[in-house]
Amino acid sequence: MMELEKSIVYLKASLKMNERIVKKLTGNASSLKKYIEDEDLLEDTLVETQQAIEMAGIYENVLNAMAETSASIIGNNQNTIMKTLALMTMALDIPTVIFSAYGMNFKNNSMPLNDLDNAFWVIFFMAALGSSCVVIYFIRKKWF
């Protein structure tokens, strides 16, 4: 799209230069000998050049609108992805906090469930249950 936009800019610039030249040729200050057919042809050329400039302007506006639309779509998709990543981070924060607490070294080692043989699995399933509850809540709110 950038190449097309660049081409339209060059086209408009060249058309404006052509318009200036045709206006000088149609003016009375021109020292060229003109016949009636030449004057009609120059007037038609001027009208066609002005129409081409307007069409190039219209195409430039359409191209700008398309670029803005695609940028908006990309922005919306990025927002959706960022929301999903934030929700996943929130769901994974619960196990992180629980495992961080049990990974600390205490003098007396007086953490709850520390005396059980299967304490790791109990803590693991508690963390998984907490994350599952958060994910279910997000799904019910239709955030996922």
Side-chain angles (χ1 to χ4, degrees), residues 1-30 32 34 37-144:
M1 282 200 317
M2 293 299 288
E3 282 188 37
L4 185 58
E5 186 175 3
K6 188 169 74 170
S7 298
I8 289 176
V9 168
Y10 289 144
L11 178 66
K12 279 182 71 174
S14 64
L15 285 171
K16 287 186 181 189
M17 286 303 267
N18 287 350
E19 181 185 31
R20 284 185 195 166
I21 291 170
V22 172
K23 279 184 179 179
K24 281 184 180 181
L25 288 174
T26 57
N28 292 334
S30 175
L32 293 175
K34 293 181 271 189
E37 297 88 21
D38 294 338
E39 288 180 10
D40 289 341
L41 184 61
L42 284 173
E43 287 176 14
D44 290 343
T45 305
L46 182 61
V47 168
E48 293 290 330
T49 304
Q50 289 171 342
Q51 287 177 348
I53 290 171
E54 288 179 25
M55 286 302 295
I58 290 169
Y59 283 126
E60 185 178 32
N61 291 340
V62 167
L63 188 63
N64 287 338
M66 286 175 48
E68 288 177 14
T69 302
S70 74
S72 176
I73 290 170
I74 290 170
N76 288 340
N77 290 343
Q78 184 180 12
N79 288 343
T80 303
I81 291 169
M82 291 304 293
K83 182 179 104 174
T84 303
L85 289 174
L87 292 172
M88 289 173 61
T89 302
M90 292 168 71
L92 292 175
D93 278 345
I94 294 171
T96 302
V97 169
I98 293 172
F99 291 134
S100 299
Y102 275 93
M104 293 180 193
N105 295 325
F106 292 104
K107 276 187 179 179
N108 301 347
N109 214 2
S110 61
M111 291 291 289
L113 304 174
N114 199 21
D115 299 337
L116 295 175
D117 290 337
N118 295 325
F120 172 78
W121 294 109
V122 172
I123 295 167
F124 177 79
F125 286 118
M126 284 176 30
L129 180 68
S131 284
S132 299
C133 290
V134 169
V135 168
I136 290 170
Y137 174 76
F138 289 157
I139 290 172
R140 284 193 179 173
K141 285 287 207 175
K142 297 182 181 176
W143 289 351
F144 257 139

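Numbers here are sequence positions counted from 1.
For T96 against L92, the heavy-atom pair with the smallest separation is OG1-O, 2.8 Å. Residues T49 and T45 share a closest heavy-atom pair of OG1-O, 2.7 Å. Annotation for A91 and V134: closest pair CA-CG1, 4.1 Å, computed over non-hydrogen atoms.
A side-chain contact (heavy atoms from CB on, under 4.5 Å) with S131 is found for exactly one of I136, I94, I98, D93, namely I94.
Within 6.0 Å of atom CZ in F99, more than 12 heavy atoms from other residues, nucleotides or ligands are found, so the atom counts as buried in its surroundings. Applying the 6.0 Å contact sphere to CE of M126 captures more than 12 heavy atoms from other residues, nucleotides or ligands. Within 6.0 Å of CG on D117 lie no more than 12 heavy atoms contributed by other residues, nucleotides or ligands. Within 6.0 Å of OH on Y59 lie no more than 12 heavy atoms contributed by other residues, nucleotides or ligands.
To the nearest 0.5 Å, the span separating CG on L46 from CG on N18 amounts to 11.0 Å. How far CG of L4 is from CD of E60: 10.5 Å, rounded to the nearest 0.5 Å. A distance of 7.0 Å separates CD of E43 from CD of E39, quoted to the nearest 0.5 Å. In this structure, CG on N118 lies 10.0 Å from CZ on F125, to the nearest 0.5 angstrom. Rounded to the nearest 0.5 Å, atoms OG1 (T84) and CG (N79) are 10.5 Å apart. Between the CG atom of L85 and the OG1 atom of T80 there is a distance of 11.0 Å, given to the nearest 0.5 Å.
Checked against ring pair (Phe, Tyr, Trp, His ring centres under 6.0 Å), F138 has the following partners two or more places apart in sequence or in another chain: W143. Legend: residues meeting side-chain contact (heavy atoms from CB on, under 4.5 Å) with L11, ordered by chain and number and at least two apart, are S14, L15, A56. Remark: E19 engages K23 in a salt bridge (Lys or Arg N to Asp or Glu O under 4.0 Å) (not counting sequence neighbours).
Using cut-offs of 30° and 60° on the angle between ring planes, the pair F124 and F120 is parallel.
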